[in-house]
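Report on one structure; see the data block that follows.
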Amino acid sequence: MKTIFDKPFIFEGDDNKVVLMYSKYIISDITKDIAEQAVERIDQELFKIEDFESVINAEDVFEYEFERDFDSMIMFSIRKNGKEDYKNIEFKDPETTKEAEEVFKEHFKELGFLRKIEQLSAGQAAIIPLFATAVVAALGAFLTIFAYYMEDYVPERTKVVKWYVFILYKISQTVGYIPFLVLSVVLVATCLFWTFKRLKNPPVKISAVK
């Protein structure tokens, strides 16, 4: 078995879980106790990928990327058996993500990875949050208008509707359209704040390609 990570590296992950990097594996969404058990299995050559829900074989990775100081995850591009896939590894916070990437930077050199640091422009930084803002605004407007017209609507008894339409109808008649309007405004404002934050301080994108 080819060793990429010569010793166990354990970082805090999302939701009180940890991320383990050892041998040629990146294992996430596990507890610290399970991580220690995984280390023992690898050392004893008893490790089986199918025993874990979230495992990446580092030899299958051909690219990874994240936005420094913004992202709490690293996105890995994986190629296996001629098929490409993508997997996000979640860490506790952006600082932990940076520390974990330092490990990847040092150990992926031997695999032929070329690391690139790119300062995003304001326009590039705003693309994703602006798209999210547009989607939230459109969805919020639709739900608000739907709820407004459904407040006093009396459906035909013989008319059959989809289950989710029926649920929205019931909610609309119970609470009215105001809660939908308020929630939409709050979510749009949050997305706009996110947009302005990225415009003011565009992130640095770090990527590595084999």
Side-chain angles (χ1 to χ4, degrees), residues 4-5 8-22 25-32 35 52-58 60-79 84-141 182-210:
I4 297 171
F5 305 106
F9 294 92
I10 298 178
F11 292 92
E12 290 184 90
D14 186 37
D15 195 24
N16 296 318
K17 299 294 181 64
V18 300
V19 178
L20 168 67
M21 294 173 278
Y22 185 43
Y25 301 109
I26 305 167
I27 311 171
S28 62
D29 198 27
I30 55 175
T31 63
K32 189 171 183 180
F52 298 85
E53 292 184 6
S54 181
V55 183
I56 294 177
N57 186 332
D60 297 331
V61 175
F62 67 90
E63 183 179 7
Y64 73 79
E65 65 177 52
F66 80 111
E67 292 180 355
R68 190 174 64 195
D69 297 321
F70 276 83
D71 285 344
S72 295
M73 68 178 185
I74 298 177
M75 185 179 77
F76 291 88
S77 301
I78 303 164
R79 186 183 293 118
E84 293 185 5
D85 196 7
Y86 302 90
K87 186 172 183 59
N88 294 326
I89 299 296
E90 302 277 353
F91 295 92
K92 180 182 178 182
D93 49 40
E95 187 62 33
T96 305
T97 307
K98 284 198 304 183
E99 294 172 2
E101 196 274 331
E102 286 293 322
V103 174
F104 293 127
K105 179 183 73 173
E106 293 301 321
H107 292 78
F108 277 24
K109 283 180 181 178
E110 300 178 3
L111 299 178
F113 278 80
L114 296 177
R115 189 169 180 267
K116 179 181 178 182
I117 301 177
E118 177 186 4
Q119 174 67 62
L120 298 183
S121 66
Q124 290 173 314
I127 290 176
I128 293 178
L130 282 177
F131 176 76
T133 302
V135 171
V136 169
L139 184 60
V182 172
L183 180 61
S184 299
V185 170
V186 170
L187 291 177
V188 169
T190 301
C191 289
L192 287 175
F193 175 76
W194 179 29
T195 302
F196 291 138
K197 182 179 179 181
R198 288 173 66 88
L199 282 170
K200 184 178 179 180
N201 184 25
V204 173
K205 178 181 176 181
I206 296 180
S207 60
V209 181
K210 181 164 63 172

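When a residue number appears, it is its place in the shown sequence, counting from 1. Values reported hereafter were calculated over all heavy atoms of this structure, with side chains retained and with hydrogens, waters and symmetry mates removed.
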Tell me, yes or no, whether the heavy-atom count around [X] atom [atom1], taken from other residues, nucleotides or ligands under 6.0 Å, exceeds 12.
X: Asp15; atom1: CG; answer: yes
X: Ile128; atom1: CD1; answer: no
X: Glu53; atom1: CD; answer: no
X: Lys105; atom1: NZ; answer: yes
X: Glu90; atom1: CD; answer: yes
X: Lys32; atom1: NZ; answer: no

For Arg115 and Ile206: C-alpha separation, side-chain torsions, deciding distance, then whether side chain to side chain contact (heavy atoms under 4.5 Å, CB included) applies. CA-CA 7 Å; Arg115 189 169 180 267; Ile206 296 180; 3.4 Å; yes
Atom pair [atom1] ([X]) and [atom2] ([Y]), whose distance is rounded to the nearest 0.5 Å:
X: Ile89; Y: Ile26; atom1: CD1; atom2: CD1; answer: 6.5 Å
X: Asp29; Y: Ile27; atom1: CG; atom2: CD1; answer: 11.5 Å
X: Asp60; Y: Arg79; atom1: CG; atom2: CZ; answer: 10.0 Å
X: Leu114; Y: Ser207; atom1: CG; atom2: OG; answer: 10.0 Å
X: Asn57; Y: Phe76; atom1: CG; atom2: CZ; answer: 12.0 Å
X: Glu67; Y: Leu120; atom1: CD; atom2: CG; answer: 5.5 Å

Do you know the tightest heavy-atom contact between [X] and [Y]?
X: Leu20; Y: Pro8; result: CD1-CB, 4.1 Å
X: Met21; Y: Phe11; result: CE-CE1, 3.0 Å
X: Ser54; Y: Lys87; result: OG-CE, 2.8 Å
X: Ala35; Y: Ile10; result: CB-CD1, 4.2 Å
X: Phe70; Y: Pro94; result: O-CG, 3.9 Å
X: Phe108; Y: Val61; result: CE2-CG1, 4.2 Å

A side-chain contact here means heavy atoms from C-beta on lying under 4.5 Å apart; do [X] and [Y] qualify?
X: Ile74; Y: Thr97; answer: yes
X: Pro203; Y: Arg198; answer: yes
X: Ile30; Y: Lys17; answer: no

Derivation of the side chain to side chain contact (heavy atoms under 4.5 Å, CB included) call for Phe131 and Val135: CA-CA 6 Å; Phe131 176 76; Val135 171; 3.8 Å; yes
Worked check of side chain to side chain contact (heavy atoms under 4.5 Å, CB included) between Phe66 and Arg68: CA-CA 6 Å; Phe66 80 111; Arg68 190 174 64 195; 4.2 Å; yes
Reference residue Lys98; test salt bridge (Lys or Arg N to Asp or Glu O under 4.0 Å); the match among Glu102, Glu95, Glu101: Glu95
Return the orientation label for the Phe5 and His107 ring planes: parallel under 30°, perpendicular over 60°, tilted otherwise. tilted
Test log, rule side chain to side chain contact (heavy atoms under 4.5 Å, CB included), inputs Gln124 and Lys205: CA-CA 11 Å; Gln124 290 173 314; Lys205 178 181 176 181; over 6 Å; no
